[in-house]
Every structure is written in C-alpha cells, then in structure tokens.
Undergrad: 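Below is the structure I would like to discuss, written out as structure tokens.
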Amino acid sequence: MKKHIIYLISSASLIMAGCLNDEYLEKYPLDQQTEETAFVTYDNFKTYTWGLYEELGAYANQQIYAFEQAADNCFWGAANGECDWAWQKVTVVKNSGEWNYDYIRRVNVMLDNVDNSVMIDAEKDHWRGVGLFFRSFRYYKMLAMFGDLVWVEHALNDKSPELYAPRDSRDLVAQNILRDLQYAEQHIKQEGDGVNTITPDVVKALISRFCLFEGTWRKYHGLNDAGTYLAECRRVSAELVEKYPTLHSRYDDEFCSADLTGMTGILLFRQYELSLSTHQIMLNMVNASSRYEFSKDAVDSYLCKDGRPITNSSLFKYPDDEKDPYTEFQDRDIRLLYTVAPPYRVATPPQSNTKEWWHIGTKEGVSKADSVKYASYFPVMERISETNRKMLPIRQPGGNVVKFIPHFNQHNGGFTFMVTEGGYRAYKHLTYIDPFTITACSSDMPLFRMSEVMLNYAEVMWELGGFDQDIANKTINQLRKRAEVADMVVTDITASFDPNRDPAVDPVLWEIRRERRVELMADGFRFDDIRRWKKGEYANKQKLGRWYSKQQLVKDGVISKASQCKLKFKGGGDEGYIEFFGDPVASGYGWKSYYYLYPLPYDDLALNPALEQNPGWE
C-alpha cells in the first residue's frame with residue numbers, strides 16, 4: 001500500500017465531529033472535515049478507508065513474536081522473559097488497547113454515512129462491504145480474546161444505550177461477523193479499488209481464518225454450531241485453493257522482499273516505502289536489546305527432507321545429530337534455515353557482506369574438516385536465497401560481520417549483536433534489501449497469503465472427515481515442495497510415525513498441525529491455535545535451547561577452559577540442552593483453565609457495571 005502509507009488525518013477529526021450535537025454547529029468549519037462534508041463521493045470513502053488498513057497488521061513492537069512467546073515456539077532471552085501464561089504472571093490490567101471500540105466507531109461512522117452519499121447503489125454496496133470487512137476483522141480479534149462482546153452497529157453518542165449494555169453472547173457476535181463478511185464477499189467489487197486493496201478474495205481469506213478459529217473453538221470447547229463455521233471455512237478455502245493452486249517458489253521472499261506486488265500467493269500485504277514509511281523488524285533481528293529466539297521444541301518440529309520427524313528418519317541420527325549445531329540443521333526442511341540463524345564461524349569478521357568471501361570459512365588452528373564445516377551453510381543459503389537478501393554471516397551496523405553463530409550472550413566477547421541464550425536466534429525477518437540500513441527497513445509484510453488458506457483447508461477438511469491424499473496434494477504438499485521436503489503420504493502416517501506426538505491427537509491431524517506450526521512460525525498464529533484447540537498446556541513446556549557442551553565452547557575458542565563456561569545445562573553437568581528458564585510446572589506454576597479467555601480491564605468494568613468479568617479473573 002505505498003499509496004496507503006500517507007494516511008489522512010481526517011479520520012480522527014471525523015470521530016470527534018461525530019460526537020457533536022447538531023445544535024452546536026449550524027455552519028461547518030471550512031478548514032476541517034465533518035461527516036456532512038467528508039462522506040459524499042466515491043473518492044471520499046476511498047480516502048477515508050486508507051486509514052482503516054492500519055488495523056490489519058504492521059511490523060511494530062514485534063507483536064508477532066510476542067504471540068509466539070506466549071505459546072511454545074519462542075521465548076525472550078532475558079531476565080523475566082518467561083512465558084507469562086505458563087508462569088502465571090498474567091493479571092487484570094487497568095486498561096487495554098485490545099478491549100477498545102475506537103476502531104469500531106471509526107468504521108461505523110463511515111457505514112452510517114453510506115446511504116446519505118451521492119453514490120449509485122452498487123458503489124454504496126461496495127463501500128458498505130469494505131466497512132463491514134474492517135469491522136469484522138476488529139470484532140474477530142476481540143472475540144478471539146474476550147468471548148462475549150457488546151455488539152455495536154452504529155456510531156454512538158453520549159446517550160446511546162450500548163455504552164452501558166451488558167455483553168452480547170458469543171453466538172450473536174460470531175453470527176454477525178459471519179453475516180457481515182458474507183455481505184462483503186458478495187458486494188465488494190472484484191477488482192477492489194486497485195492493486196493491493198480489499199477484494200472478495202481477501203474477504204474469503206478472512207472468512208477462512210475466522211471460521212476455522214470459531215469452528216474449532218466451538219468443537220474443542222464444547223459449544224454448539226461448530227459445523228456452520230467449519231462448513232464456511234471449507235467453502236471459501238476450497239474456492240481460493242482452486243483459484244490460486246500454487247505458491248511463490250521461495251518462502252523467504254514472502255517476508256524479506258522490498259515489494260510483494262504481484263507475488264504468487266500473496267492476497268494482501270502492508271507495503272512499506274523507504275522514503276515514506278518504514279519499520280524496525282530488521283533491527284529487532286540483530287540488536288542487543290531484542291532477544292526473541294526459538295525453543296528446542298519448535299526447532300524439533302521441522303521435518304527431515306524425507307518427510308519424517310527427526311526421531312524417526314534415516315537422515316537424522318537421533319539424538320547424536322542434535323549434539324552438533326551443524327549436523328542438527330542438515331537434511332532438514334529449509335524453512336528452518338530461513339527462520340533460525342544457521343551456524344557458522346569465520347576467523348576475522350570482514351567489513352563487508354558479499355558473496356566473494358562466503359566460502360572463506362577457515363579459522364586458525366583448526367582442521368580442514370572443521371573449516372569446511374564452519375562454512376557449510378554459506379553455499380546452501382546462497383542457493384535458497386537466490387536474490388541475495390538473506391546473506392550469511394549476519395551483518396552488524398556499519399558492515400561488520402558477527403564472528404560466529406550461535407553467539408551466546410554469556411560469552412559474547414563484547415559483541416552483543418545476534419546474541420542468544422539458548423542457541424536458536426530468530427532470523428526469519430532479517431533481510432538486506434536496504435544496504436547498511438537496519439533502523440529503517442522497507443520489506444513488505446504479508447497480511448493474507450495462500451499458504452495460510454491451504455493450511456486452513458487441510459485442517460478443516462480433516463475436521464469434517466474429508467482429508468485425503470488429494471487434499472494433501474493441494475495443500476500440505478504445495479508447501480513442502482518449496483521447503484524441499486518429501487510429500488505427505490497420508491497412508492504412511494500411523495500411530496508410530498512420530499514417537500513424540502501428543503497421544504490425544506490423531507496422527508494425521510498432528511502432522512497437519514505440525515505443517516501449520518512450521519509454515520506460520522513467527523507469524524503470530526501459534527497462541528490462538530493452541531487456545532482454539534484447547535491445548536493451553538502446550539505453553540507449559542520448558543523452553544530449552546540446543547544441545548551444547550563446555551568442551552564445545554573450548555573447541556570453538558570461545559573459552560580457554562571448561563571451568564569458564566557460564567551456560568547452564570538441563571540436569572546439570574557439563575553438557576546437555578541449554579536451560580535458561582526453569583520448568584514452570586515443576587516450579588508449581590502452569591496454564592490455568594480460565595486462561596483461554598483474556599480478562600476485561602478494570603477501567604471498563606468500572607465505567608459499565610453491566611459488564612461481567614470473564615470467569616476465573618474475578
């Protein structure tokens with residue numbers, strides 16, 4: 001949305017204008033926009049809606065990683081960085097940006113003025129559909145967090161009864177969201193309002209996401225009418241998969257490209273322009289104050305190239321191959337290399353990051369075999385990141401290169417970039433599309449992409465009893481092709497396929513959910529996924545790092561003798577899985593049954609006595 005980046009400030013003034021009583025304004029100010037002057041023509045509505053796109057997502061404050069941290073994928077490698085839910089640190093807050101109706105009011109101001117415009121009926125229907133899409137998106141986010149909500153159809157004033165109304169039931173809210181999205185799907189113009197705007201296909205993608213969430217939530221939480229939402233998810237997902245049967249060939253390009261316009265499988269994205277609007281996710285990938293990294297459990301979820309888990313693959317000698325960071329990443333799903341910083345070592349960090357020196361992996365005083373090993377992932381990354389945006393090693397500001405990965409914070413030698421506590425540093429959004437610029441990055445952010453829709457389709461077909469090899473080929477195996485992983489063969493997946501499977505989950509469903517976890521790693525879906533599956537206990541897993549040893553640090557030249565090692569290993573001793581945080585359950589904590597819904601903030605409960613707190617948070 002390069003043209004969307006310059007959002008007009010009129011939205012804010014309209015919100016205020018909507019609260020005024022007509023008797024105070026007989027003449028409208030000529031230098032300000034009001035409802036009566038702003039909502040007249042087609043272009044008026046088009047201008048107003050640019051500001052509504054903000055709600056769909058942004059690379060801001062690493063919120064996508066925060067949702068992974070709340071589940072079992074990520075952790076924040078710093079003191080007090082434990083998962084708040086597993087360690088029972090979540091409390092009722094005074095106020096919350098999530099229980100907030102400001103955005104809904106902004107949309108309702110627009111919707112209330114559609115009929116008063118000079119547009120023809122088809123244009124009115126189009127903009128009503130666009131408004132309902134945005135309102136539904138916001139209501140879905142709130143429903144997923146809080147359950148019952150106050151449903152508001154129009155912009156309120158200080159006499160509106162909704163201000164002091166009790167919450168409407170989840171049933172009503174979900175029905176209204178689906179109703180509005182179906183209207184939007186039927187009435188928004190096929191071409192939208194140009195490239196990278198809301199179209200019926202984008203609406204279908206939101207229906208797919210919302211209905212999978214709501215249908216599985218209802219199924220696993222024992223609520224009624226799950227079938228209605230699952231059936232709608234199946235309908236729209238099937239239509240989109242038929243229309244967009246293939247994906248862009250490179251996973252990394254979807255997250256590390258300067259421009260996603262026209263990329264296969266990208267339905268809508270937030271567009272950044274270096275001269276207009278940028279983000280800092282690149283900085284968050286490398287600097288010392290950003291500590292998001294992945295758990296051992298998340299890394300283990302990536303399959304080997306033969307399509308089997310590491311515990312059951314001829315390509316992986318489990319657990320021996322875990323004990324060396326170089327063998328651990330060999331013959332694995334290449335999405336792992338895109339997502340977690342691969343290991344390497346160089347003798348002297350060069351002042352540039354060009355391909356010419358990638359293959360110079362030598363280090364004084366080590367064997368030739370070790371030198372080859374230290375550079376083993378350079379040619380791999382060169383091949384799978386053809387556009388040269390994700391070069392290795394990782395560059396510090398000014399052109400310096402971090403000397404080695406994993407780069408443990410406990411032994412960083414004064415170089416604090418790309419440090420890690422557990423050994424699996426977040427790497428997915430690191431890109432060099434803006435040379436020597438990390439504080440202002442302009443890589444685009446995908447908002448709706450076909451890989452998610454394919455995963456929704458695979459999962460909903462299993463939930464409805466229709467998942468078979470044909471569906472696997474249209475969905476899971478499309479994702480695996482570009483990950484260089486063997487196809488899923490449904491009949492091969494038996495109870496013994498993954499010895500570490502949750503025994504309460506069907507083996508095939510487990511593999512579908514695994515694919516979702518891997519494809520959407522660090523996209524912010526995981527916490528909502530474990531909540532809708534009623535698998536909050538997954539957050540209780542102790543988030544361990546990779547296997548390492550004191551002797552390995554000595555061999556790497558990081559320390560001169562084992563006694564200098566500051567790493568802590570699970571179970572004590574001189575080697576093992578790195579332990580930065582303890583085990584929440586063993587420490588007397590763990591997921592609470594009422595955590596599936598968030599608490600309402602104190603301020604809103606005080607302002608509206610008709611609101612009731614979610615159970616367990618009273």
Side-chain angles (χ1 to χ4, degrees), residues 54-100 137-138 140-146 209 213 255 270 279-295 297-299 301 339-341 418-422 424-430 441 443 445-447 452 516-532 535-536 538-543 545 580-581 584 589 591-592 595-599 601:
E54 290 275 4
E55 180 70 13
L56 302 183
Y59 282 144
N61 300 321
Q62 300 188 76
Q63 286 303 308
I64 51 176
Y65 282 95
F67 283 112
E68 306 289 296
Q69 178 197 12
D72 50 353
N73 281 348
C74 288
F75 64 88
W76 179 261
N80 301 313
E82 302 94 338
C83 170
D84 288 347
W85 300 88
W87 289 87
Q88 299 176 11
K89 294 163 63 176
V90 182
T91 59
V92 182
V93 297
K94 188 173 184 293
N95 50 61
S96 168
E98 299 301 336
W99 181 272
N100 189 315
F137 185 89
R138 177 61 185 166
Y140 161 44
K141 288 173 63 177
M142 293 176 66
L143 178 76
M145 296 179 72
F146 301 105
R209 181 185 297 178
F213 181 93
F255 309 97
R270 182 175 180 127
H279 57 78
Q280 294 188 345
I281 201 165
M282 169 72 168
L283 179 65
N284 293 333
M285 289 293 95
V286 300
N287 72 2
S289 62
S290 177
R291 298 290 187 84
Y292 280 114
E293 46 190 292
F294 294 97
S295 66
D297 187 75
V299 171
S301 66
T339 306
V340 183
M418 287 297 294
V419 293
T420 175
E421 299 292 352
Y424 300 119
R425 191 60 158 77
Y427 181 67
K428 181 170 181 175
H429 298 94
L430 187 141
C441 189
S443 54
M445 178 185 184
L447 299 172
E452 180 204 344
R516 181 179 183 86
R517 182 183 190 182
V518 167
E519 176 70 22
L520 304 181
M521 189 75 72
D523 286 357
F525 287 91
R526 184 65 174 175
F527 190 53
D528 277 352
D529 285 343
I530 68 172
R531 288 172 57 241
R532 66 185 174 89
K535 289 292 182 180
Y538 289 179
N540 291 338
K541 299 171 186 173
Q542 184 179 12
K543 293 178 180 176
F580 186 66
F581 298 117
Y589 298 96
W591 181 270
K592 294 284 189 180
Y595 280 177
Y596 287 103
L597 293 177
Y598 286 62

Undergrad: Look up atom CZ in Arg291 and atom CZ in Phe580, then write down how far apart they are to the nearest 0.5 Å.
TA: 7.5 Å
Undergrad: If you round to the nearest 0.5 Å, how far is OG1 of Thr420 from OH of Tyr292?
TA: 14.5 Å
Undergrad: Between the side chain of Arg526 and the main-chain N/O of Phe67, is any donor-acceptor distance below 3.5 Å?
TA: no
Undergrad: Please check: side-chain N/O of Tyr596 versus main-chain N/O of Gly536, any donor-acceptor pairing under 3.5 Å?
TA: yes
Undergrad: Over all heavy atoms of both residues, which pair between Phe213 and Ala144 is shortest? Give the atoms and the distance, please.
TA: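 Shortest heavy-atom separation between Phe213 and Ala144 comes out as CZ-CB, 3.5 Å.
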Undergrad: Just jot down the side chain to side chain donor-acceptor pair (under 3.5 Å) partners of Glu452, sequence neighbours excluded, or say none.
TA: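 Applying side chain to side chain donor-acceptor pair (under 3.5 Å) to Glu452 gives Arg209.
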Undergrad: Taking C-beta and beyond as the side chain, do Arg138 and Asn100 meet within less than 4.5 Å on heavy atoms?
TA: yes
Undergrad: Please find the pair of heavy atoms, one from Tyr65 and one from Cys74, that lie closest to each other, and give the distance.
TA: CD2-SG, 4.1 Å
Undergrad: With sequence neighbours excluded, what pairs up with Trp99 under the ring pair (Phe, Tyr, Trp, His ring centres under 6.0 Å) test?
TA: Tyr101, Phe146
Undergrad: Compare all side-chain heavy atoms of Val340 with those of Glu293 and state whether any distance is below 4.5 angstrom.
TA: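 No. Closest side-chain heavy atoms not under 4.5 Å.
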Undergrad: What pairs with Arg532 under side chain to side chain donor-acceptor pair (under 3.5 Å), at least two apart in sequence or on another chain?
TA: Thr216, Glu459, Asp529
Undergrad: Pro599: which residues meet the side chain to side chain contact (heavy atoms under 4.5 Å, CB included) condition with it, sequence neighbours left out?
TA: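 Pro599: side chain to side chain contact (heavy atoms under 4.5 Å, CB included) contacts with Val92, Gln613, Trp617.
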Undergrad: Can you tell me how far CZ of Phe525 sits from CG of Leu520, rounded to the nearest 0.5 angstrom?
TA: 5.5 Å
Undergrad: Rounded at 0.5 Å granularity, tell me how far CG in Leu430 sits from OG in Ser443.
TA: 9.5 Å
Undergrad: What distance do Phe527 atom CZ and Cys83 atom SG have between them, rounded to the nearest 0.5 Å?
TA: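 Nearest 0.5 Å value for the CZ-SG distance: 7.0 Å.
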Undergrad: Scan residues 85-95 for pairs that pass salt bridge (Lys or Arg N to Asp or Glu O under 4.0 Å), counting only residues two or more places apart or in two chains.
TA: Glu82-Lys89, Asp84-Lys89, Lys94-Asp603
Undergrad: List for me each residue that meets side chain to side chain donor-acceptor pair (under 3.5 Å) alongside Lys541, sequence neighbours excluded, and say none if there are none.
TA: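 Listed in chain order: Asp72, Asp297.
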Undergrad: If every non-hydrogen atom of Ala71 is compared with every non-hydrogen atom of Lys543, which pair is closest and at what distance?
TA: O-NZ, 2.7 Å
Undergrad: Quick check: closest heavy atoms across Ile281 and His429, and the distance to 0.1 Å?
TA: CD1-CG, 3.5 Å
Undergrad: State which residues pass salt bridge (charged side-chain N to carboxylate O under 4.0 Å, His left out) with Lys592; sequence neighbours excluded, sorted by chain then number.
TA: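 Lys592: no salt bridge (charged side-chain N to carboxylate O under 4.0 Å, His left out) contacts found.
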Undergrad: Over all heavy atoms of both residues, which pair between Glu421 and Gly77 is shortest? Give the atoms and the distance, please.
TA: CG-O, 3.4 Å
Undergrad: What residues form a side chain to side chain donor-acceptor pair (under 3.5 Å) with Ser295, not counting sequence neighbours?
TA: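 Scan of Ser295 (side chain to side chain donor-acceptor pair (under 3.5 Å), adjacent residues dropped) gives none.
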Undergrad: For Leu143, what residues pass the side chain to side chain contact (heavy atoms under 4.5 Å, CB included) criterion, not counting sequence neighbours?
TA: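 For Leu143 the side chain to side chain contact (heavy atoms under 4.5 Å, CB included) partners, ignoring immediate neighbours, are Leu149, Arg170, Val173, Ala174, Ile177, Phe210, Glu214.
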Undergrad: So which atom in Ala539 and which in Trp591 form the shortest heavy-atom distance, rounded to 0.1 Å?
TA: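 Closest heavy-atom pair between Ala539 and Trp591: CB-CE3, 4.2 Å.
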Undergrad: Donor-acceptor check, side chain of Gln69 to backbone of Phe75, threshold 3.5 angstrom: yes or no?
TA: no
Undergrad: Check whether any side-chain heavy atom of Tyr598 lies under 4.5 Å from a side-chain heavy atom of Val90, and answer yes or no.
TA: no
Undergrad: Of all residues at least two apart in sequence or in a different chain, which pass the side chain to side chain contact (heavy atoms under 4.5 Å, CB included) check with Met445?
TA: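 Side chain to side chain contact (heavy atoms under 4.5 Å, CB included) check on Met445 returns Tyr59, Ile64, Arg270, Tyr272, Leu447.
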Undergrad: Taking only residues two or more places apart in sequence, or in another chain, which ones meet Phe137 in a ring pair (Phe, Tyr, Trp, His ring centres under 6.0 Å)?
TA: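 Ring pair (Phe, Tyr, Trp, His ring centres under 6.0 Å) check on Phe137 returns nothing, list empty.
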Undergrad: The criterion is salt bridge (charged side-chain N to carboxylate O under 4.0 Å, His left out); which residues satisfy it with Asp528, sequence neighbours excluded?
TA: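 So Asp528 forms a salt bridge (charged side-chain N to carboxylate O under 4.0 Å, His left out) with Arg531.
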